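Structure record follows, encoded as structure tokens.
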Amino acid sequence: MRILLAGDLHLGRSSSSVRGDCAGHRAADVWQRLVDLAIEQGIGAVILSGDLVDQSNRYFEATGPLANGLQRLAAQEISTIAVAGNHDYHVLPGLAQQYADEKHRFTLLGQGGNWECHPVARGGQTVFRVVGWSFPAESHDRDPLDAFPANLPDDLPVLGLVHGDLDARGSRYAPLSGAALRAKPVAGWLLGHIHAPHCDSQAGAPWLLYPGSPQALDPGEQGAHGVWVAEVTPTAITLPVQVALSSVRYEGVTVNADSVADAQELRVRLRDRLRAEAETARQAGGESLRQLVVDLVIEGAAALAAREVDQVMEELREARELDTAVAVEVRKTDNRVVPPLDLEGLARGKALPGILSRLVLDLEAGRNSEAVERVRARARRAVNDLTFMSQVREGDSESTFQLSDDALRQSLIQAARKLLGSLEPTGAADAGGGLP
Ligand SMILES: [Mn+2]
């Protein structure tokens, strides 16, 4: 029997930061595509690892599509088995009562945080078992495995099913120990909670799968998103294989502008790169993929004024039709292009270019000169001020701007190099000659 594995649907949500109509990009849309796939591929059971519904306030948006999909699956004798996550611990038990009938064939396992083992049958014969645990409350700060059942029947393969935070000690969302998961007598673990897909397998231990949200929902969740298919044999459950289903893919793209001579050459280089990215995304994303959302970084040393680069970036962000394999939307750009500079030469001067060049050289070499210390303290203060203002405005003590010492140093180098490149050529006359 082939089984379909998924989690973190978050029905009620849709992909964020996508321009225009959200049709096709809603979690409800990917759920319909999941159901289509399960029927097309003759799947025996659909297993879902929690956070099916985004929040109780999405109840009305979520329940229609959920019931419809369950009915379409049930009509093909496909059962759906799920556990609850931290987002739907309060909504799912009610829905499970409603959808337990033959018309929906929906089973919620492990209610109230009590492990439950459930047989999955096909044609009247039990093929494998699912052992699952549901979130009993909004948060849960202990490892659910502490209460894992001691005696599981071992005549058939078992799939473990739980929503929680893998190897994140101190997490409020069911911290799971990877070592403990691998020590359990199951064929594999279907996990939920982390939206980026990740499959991990070690010889002699059950595989661990975070299927990821089938629809990419947030720019932080890069890569191909979809569902996973595994085969249940009499003795095992094979390593799951991803089937891409998301209509949106988020990606970070870094383009090097080294030796680009003018704005037109930069446009060509960016267009070629985005075309290549779109083609790669299309090949990995299958027929469902409609849109590639790109966060673009452009770096390198080029004899282009910063404002010329900024101008091209703005054109890209506003472009509606890029001639690519799938539609590309440039969501965000970061201009890190610096002018090619003779820093050593400039550093011999006494005026501003000389001072800035010495600062850049010290920062790049990791030397803690007096100037470096002063600039770093100023920058650190500015970051702290931003954090303070954000906390006051949002009343949220968690919204701090995390900036490591290294990231701060890199930002200062960027800023100083950009400033150097924007100085008038008269400043450059200060270079090298040691003029008074
Ligand atoms: Mn969750």
Side-chain angles (χ1 to χ4, degrees), residues 5-16 26-28 30-31 34 46-59 61-63 65-66 80-96 106 108-116 130-146 159-178 180-181 189-200 208-223 225-228 240 245-246 250 398:
L5 312 173
D8 290 281
L9 276 164
H10 287 273
L11 289 167
R13 276 181 69 184
S14 58
S15 296
S16 65
R26 292 169 298 217
V30 84
W31 166 239
L34 181 161
V46 171
I47 321 284
L48 303 172
S49 58
D51 285 359
L52 280 60
V53 178
D54 190 50
Q55 302 284 4
S56 57
N57 60 3
R58 311 271 198 194
Y59 178 87
E61 290 164 66
T63 48
L66 182 62
T80 303
I81 296 145
V83 291
N86 54 304
H87 279 264
D88 55 8
Y89 72 95
H90 48 346
V91 183
L92 275 197
L95 293 178
F106 180 71
L108 179 65
L109 290 184
Q111 292 191 46
N114 299 304
W115 286 96
E116 186 180 356
V130 184
V131 60
W133 180 94
S134 280
F135 256 73
E138 190 186 359
S139 64
H140 187 84
D141 57 12
R142 278 161 300 139
D143 188 336
L145 288 186
D146 292 348
L159 175 72
L161 182 61
V162 62
H163 190 96
D165 230 348
L166 182 62
D167 289 327
R169 202 175 286 210
S171 167
R172 296 168 55 231
Y173 302 106
L176 296 161
S177 147
L181 286 167
W189 280 101
L190 176 59
L191 309 175
H193 191 59
I194 306 297
H195 290 191
H198 179 72
C199 189
D200 174 284
L208 309 183
L209 171 66
Y210 271 116
S213 55
Q215 177 75 8
L217 295 171
D218 184 271
E221 303 156 5
Q222 298 183 351
H225 282 241
V227 299
W228 299 69
L245 275 191
S246 182
Y250 300 100
E398 283 182 29

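First listed ligand is number 1; within each ligand, the first listed atom is number 1. Since we're looking at a predicted model, the values are computed, not measured. We use all heavy atoms of the structure for the numbers below, so side chains are in, but hydrogens, waters and symmetry mates are not.
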Acceptor/donor pairs from residues 169-176 side chains to any protein atom, 3.5 angstrom cut, sequence neighbours excluded:
| unit_1 | atom_1 | unit_2 | atom_2 | d |
| --- | --- | --- | --- | --- |
| Ser171 | OG | Asp165 | OD2 | 2.6 |
| Ser171 | OG | Tyr173 | N | 2.9 |

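- Annotation: side chain of Trp115 is not in contact with side chain of Val83 (no heavy-atom distance under 4.5 Å).
- Evaluation of the side chain to side chain contact (heavy atoms under 4.5 Å, CB included) rule for Asn114 yields no partner, not counting sequence neighbours.
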Using the rule given for side chain to side chain donor-acceptor pair (under 3.5 Å), can you reason through Asp8 versus His193, listing the C-alpha separation, both sets of side-chain angles and the distance that settles it, and then say yes or no? CA-CA 6 Å; Asp8 290 281; His193 191 59; 5.3 Å; no

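- Take the Mn ion (ligand 1) and draw a sphere of radius 2.8 Å; the protein N/O/S atoms inside it number 4.
- Two residues are said to be in side-chain contact when any heavy atoms from C-beta on lie closer than 4.5 Å; Trp133 and His140 meet this criterion.
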Side-chain donor-acceptor pairs of residues 214-222 under 3.5 Å, sequence neighbours excluded:
| unit_1 | atom_1 | unit_2 | atom_2 | d |
| --- | --- | --- | --- | --- |
| Gln215 | OE1 | Arg33 | NH2 | 3.0 |
| Gln215 | OE1 | Ser246 | OG | 3.4 |
| Gln215 | OE1 | Ser247 | N | 3.0 |
| Gln215 | NE2 | Ser15 | OG | 2.9 |
| Gln215 | NE2 | Ser247 | OG | 2.8 |
| Asp218 | OD1 | Gly220 | N | 2.8 |
| Glu221 | OE1 | Leu217 | N | 3.1 |
| Glu221 | OE1 | Asp218 | N | 3.3 |
| Glu221 | OE2 | His195 | ND1 | 3.2 |

